[in-house]
Amino acid sequence: MLGVIIPFHSRRQALDQAIASVGSRPIVVVDDSPSGSLVCSGVEIVRTSGEEGFAAAVNAGLEKLQSMGHELALLLNDDACLRDGALTALELSWCDGDGAIAPVLHEPSGPIYGISVSSWGRVRLMSQPGAAQALSGAALMLRSTERFDPAFRHGFEDIELCQRLSERGLALRVIDQAQ
């Protein structure tokens, strides 16, 4: 069973578009804004103490989805939107050996097929399909039992989580059908 987590900080119009892009799936919006005054109908809202950071907000959402009985979670940035059919393609592509899967991300500069990380730590976005060493937290499907390291407030938490998943022998995949 799949649920969606959208961490929210301050982009309300973008949030509404992100919510609309996931259709009728159960959604948990984690309000990590300074004011904590988010009101949004049709979704579950979890409030942090405010400005705890991306990793802590996502972890609060993962905990909530897990408590609701959802085994899988799609993490979606509050300024990201899924294209029609992307969520279904991700869900149908999930395998037991997966640690995380992601859609192809579309940026103004072109598609992103994951992240490569060199042995000395250089990080690059992949503009062509290939074996990714990490996936972007902008749109990422994972088990609801996973957690980000909260020491990463905003930046590289997705890479660190992917590294831990890989070390456990779990696959990281970009799903070409999820554009």
Review point. What distance separates Ser127 OG from Glu107 CD, expressed to the nearest 0.5 Å?
Key: 12.5 Å

Exercise for review: Check whether any side-chain heavy atom of Gln163 lies under 4.5 Å from a side-chain heavy atom of Gln133, and answer yes or no.
Suggested key: no

Check your understanding: Ile175 and Val4: same hydrophobic cluster, using ILVMFWY side-chain contacts below 4.5 Å?
Key -> yes

Practice item. Could you name each residue pair satisfying side-chain hydrogen bond (donor to acceptor under 3.5 Å, both in side chains) that touches residues 15-27, not counting sequence neighbours? Key: Arg12-Asp16, Arg25-Glu91

Review point. Do the side chain of Asp78 and the main chain of Phe8 share a donor and acceptor less than 3.5 angstrom apart?
Key: no

Point to revise | Side-chain heavy atoms of Ile19 within contact of Cys40, under 4.5 Å | key: yes

Point to revise | Exceeds 12 heavy-atom contacts within 6.0 angstrom, atom CZ of Arg164 | key: yes

Review point. Would you call Leu15 and Leu38 a side-chain contact if the rule is heavy atoms closer than 4.5 Å?
Key: yes

Point to revise | Which atom of Ala138 lies closest to which atom of Ala80, heavy atoms considered | key: O-CB, 4.0 Å

Practice item. Compare every heavy atom of Ala102 with every heavy atom of Ala139, then report the nearest pair and how far apart it is. Key: O-CB, 3.4 Å

Review point. Would you call Val123 and Phe156 a side-chain contact if the rule is heavy atoms closer than 4.5 Å?
Key: yes

Check your understanding: Would you say Asp32's side chain and Glu51's backbone share a donor-acceptor pair under 3.5 angstrom?
Key -> yes

Check your understanding: Hey, what do you get for CE (Met141) to CG (Leu74), rounding to the nearest 0.5 Å?
Key -> 5.5 Å

Review point. Apart from Leu65 itself, what residues make up its hydrophobic cluster, given side-chain heavy atom links below 4.5 Å?
Key: Ile5, Val28, Val30, Val46, Phe54, Val58, Leu62, Met68, Leu75, Val104, Tyr113, Met126, Leu135, Leu140, Leu142, Phe148, Leu161, Leu165, Leu170, Leu172, Val174

Review point. Measuring from Leu2:CG to Leu87:CG, what's the distance to the nearest 0.5 Å?
Key: 5.5 Å

**Study point:** Rounded distance (nearest 0.5 Å) linking atom CG of Leu90 with atom CD1 of Ile101
**Key:** 5.0 Å

Exercise for review: Taking the side chain as every heavy atom from C-beta outward, state whether Ser136 and Leu105 have any atom pair closer than 4.5 Å.
Suggested key: yes

Review point. Charged N to carboxylate O under 4.0 angstrom, Glu71 versus Arg143?
Key: no

Check your understanding: Got a donor-acceptor contact below 3.5 angstrom from the Thr48 side chain to the Glu52 backbone?
Key -> no

**Study point:** Residue pairs involving residues 160-179 (criterion ring-ring contact (aromatic ring centres under 6.0 Å, His included); sequence neighbours excluded)
**Key:** none

Check your understanding: Around atom CD of Glu167, are there more than 12 heavy atoms of other residues, nucleotides or ligands at under 6.0 Å?
Key -> yes

**Study point:** Short side-chain donor-acceptor distance under 3.5 Å, Arg147 and Gln66
**Key:** yes

Review point. For the residue pair Cys162 and Ala134, what are the closest heavy atoms and their distance?
Key: CB-CA, 3.7 Å

Point to revise | Sidechain-backbone polar pair: Thr88 side chain, Gly85 backbone, donor-acceptor under 3.5 Å | key: no

Practice item. Mind jotting down which residue pairs meet the ring-ring contact (aromatic ring centres under 6.0 Å, His included) criterion with at least one end in residues 10-32? Sequence neighbours excluded, please. Key: none

Point to revise | Nearest heavy atoms of Ala86 and Ala178, plus distance in Å | key: O-CB, 3.7 Å

Check your understanding: What pairs with Arg173 under salt bridge (charged side-chain N to carboxylate O under 4.0 Å, His left out), at least two apart in sequence or on another chain?
Key -> Asp98

Review point. Are side-chain heavy atoms of Arg47 and Ser33 found at a separation under 4.5 Å?
Key: yes

Point to revise | Those residues that, when tested against Glu146, pass salt bridge (charged side-chain N to carboxylate O under 4.0 Å, His left out) (two or more places apart) | key: Arg168

Check your understanding: Mind checking whether His106 and Arg83 have side chains closer than 4.5 Å, heavy atoms only?
Key -> yes

